[in-house]
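What follows is a single structure, written as structure tokens, with notes after it.
Naming: A, B, ... by sequence-line order, numbering from 1 per chain. Note that the structure is predicted; figures quoted are calculated from it, not measured.
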Amino acid sequence: MINNNKYLIVIAGPTAVGKTNTAILLAKQFNCEIISADSRQFYKELKIGAAQPTVEELNQVKHYFIGFKTITEYYNVSCFEQDVLQLLPQLFKKNNIVIMCGGSGLYIDAVCNGIDDMPDYDPELRNQLSQRLENEGVESLRLELKKLDLTTYQKIDLRNKNRIMRALEMCLLTGKPYSQFLLKIPKTRPFNIIKIALNIARSELHNKINKRCDLMFEQGLVNEAKFLEPYRKQNALKTVGYKELFEYFDKKLELEQAIELIKRNTRRYARKQISWFNRNNEYKWFNPDDISDIEEYINSKISLPID
RNA sequence: GGUCUCUUGGCCGAGUGGCUAGGCACCGGUCUGCAAAACCGAUCACUCCGGUUCGAAUCCGGAAGAGACCU
């Protein structure tokens, strides 16, 4: 524990479990504000598909990092880490508690533990590498990585082309092995962190996912996606709920099939999120309905004598 | 009532005597800059009963269920 009375309360958990609602209830209780840690809710255009908090919800408690980027803007974990660290001191001036709520595990970890400094990617180089991947195949990139950075080559999953690309990209960009940048030493933060994860019975979660998906269609997800179709190549639109609808617009899928796929991919996403938060044993798990238990837990942490 | 065909895991589907089919779903996992990405792993069958055989999802007989046609 850090020797001060500033607390960042993380509310994590799988999609559709009820994080937004829980965070708002807690924020009202502790009279504090909310930082969103959801890599898709960053984009203002992805209102329905990314299940952004509604206007009513946003009016109840001040939220940060919701809809503050355009889909064509480049943004990544490191930017998020820096932006949050810059904002937090201001929020801590107003209240000793800040809530960070979201499902993007990598982004949450970056805020809590830091992420190693690395140079920005070069769009041209990245382009070149994708071309090479297409023309020469993965094996060629694998071999080059082996030459440039044996440590990474031995460590990463060589069947995962994204990882190979990333490592190679950094080697070529900097002239140094990618592994040299990976210090992985957790940074200390000038505030305390309380990690809470929410979950419910799997069948219940699946029900909620299905219902929320149906609701998105009622709210006009098809129109939202249609409007965004010209930007479908943007990374922000490689998102469950949009990519399937683009296939439907291409007439590769029936609407019903697209809906089923969105539900399935959302279930998969939820499973991966649970995996991510599970392996970090700092998380204390709660059912979102047990709000008073959550409050009690937070209070017990906050009232602990500082050493 | 009669004749014929079919019955493989949650779903689809191959297999005609001995060797894990496969795909999808579901489940578990990996994770340092595209992360709602990318990738990996595991479980689950032969409708039932009897027979032939060293050995049956596979051959034979019967039962049940489904379908097609006939009276």
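Heavy-atom distances under 4.0 Å link RNA chain B to A:His206 of residues 203-221 of chain A, given in residue order. Contacts between residues 69-77 of chain A and RNA chain B, counted as heavy-atom distances below 4.0 Å, involve A:Tyr74, A:Asn76, A:Val77. For RNA chain B, the neighbouring residues in residues 153-175 of chain A, judged by any heavy atom under 4.0 Å, are A:Asp157, A:Arg159, A:Asn160, A:Lys161, A:Asn162, A:Arg163, A:Arg166. Less than 4.0 Å separates RNA chain B from at least one heavy atom of each of the following residues of residues 114-125 of chain A: A:Ile115, A:Asp116, A:Asp117, A:Met118. Looking at residues 8-24 of chain A, you'll see that no heavy atom sits under 4.0 Å from any atom of RNA chain B.
Residues A:Pro14 and A:Gln273 share a closest heavy-atom pair of CA-OE1, 3.3 Å.
Minimum atom distance to the side chain of A:Arg126 is reached by B:C34, of the listed B:A35, B:A37, B:C34. Comparing atom distances between the A:Lys184 side chain and each of B:G33, B:U32, B:C34 picks out B:U32 as nearest. The nucleotide whose nearest atom lies closest to any side-chain atom of A:Tyr107 is, among B:A35, B:G33, B:A37, B:A35.
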* **Under the 3.5 Å Watson-Crick or G-U criterion, the dot-bracket string of RNA chain B, with | for inter-strand pairs** => (((((((..(((.....[...)))..((((.......)))).....(((((..]....)))))))))))).
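Along RNA chain B, the nucleotide nearest to A:Ile274 and the one nearest to A:Gly105 differ in position, and the one closer to the 5' end is contacted by A:Ile274.
Rounding to whole angstrom units, CZ of residue A:Arg271 and P of B:G29 are separated by 9 Å.
Considering A:Arg132, A:Arg126, A:Lys161 in turn, A:Arg126 is the only one that fulfils the salt bridge (charged side-chain N to carboxylate O under 4.0 Å, His left out) rule with A:Glu169.
Applying the 90° criterion around 0 to the glycosidic angle, B:G17 comes out anti.
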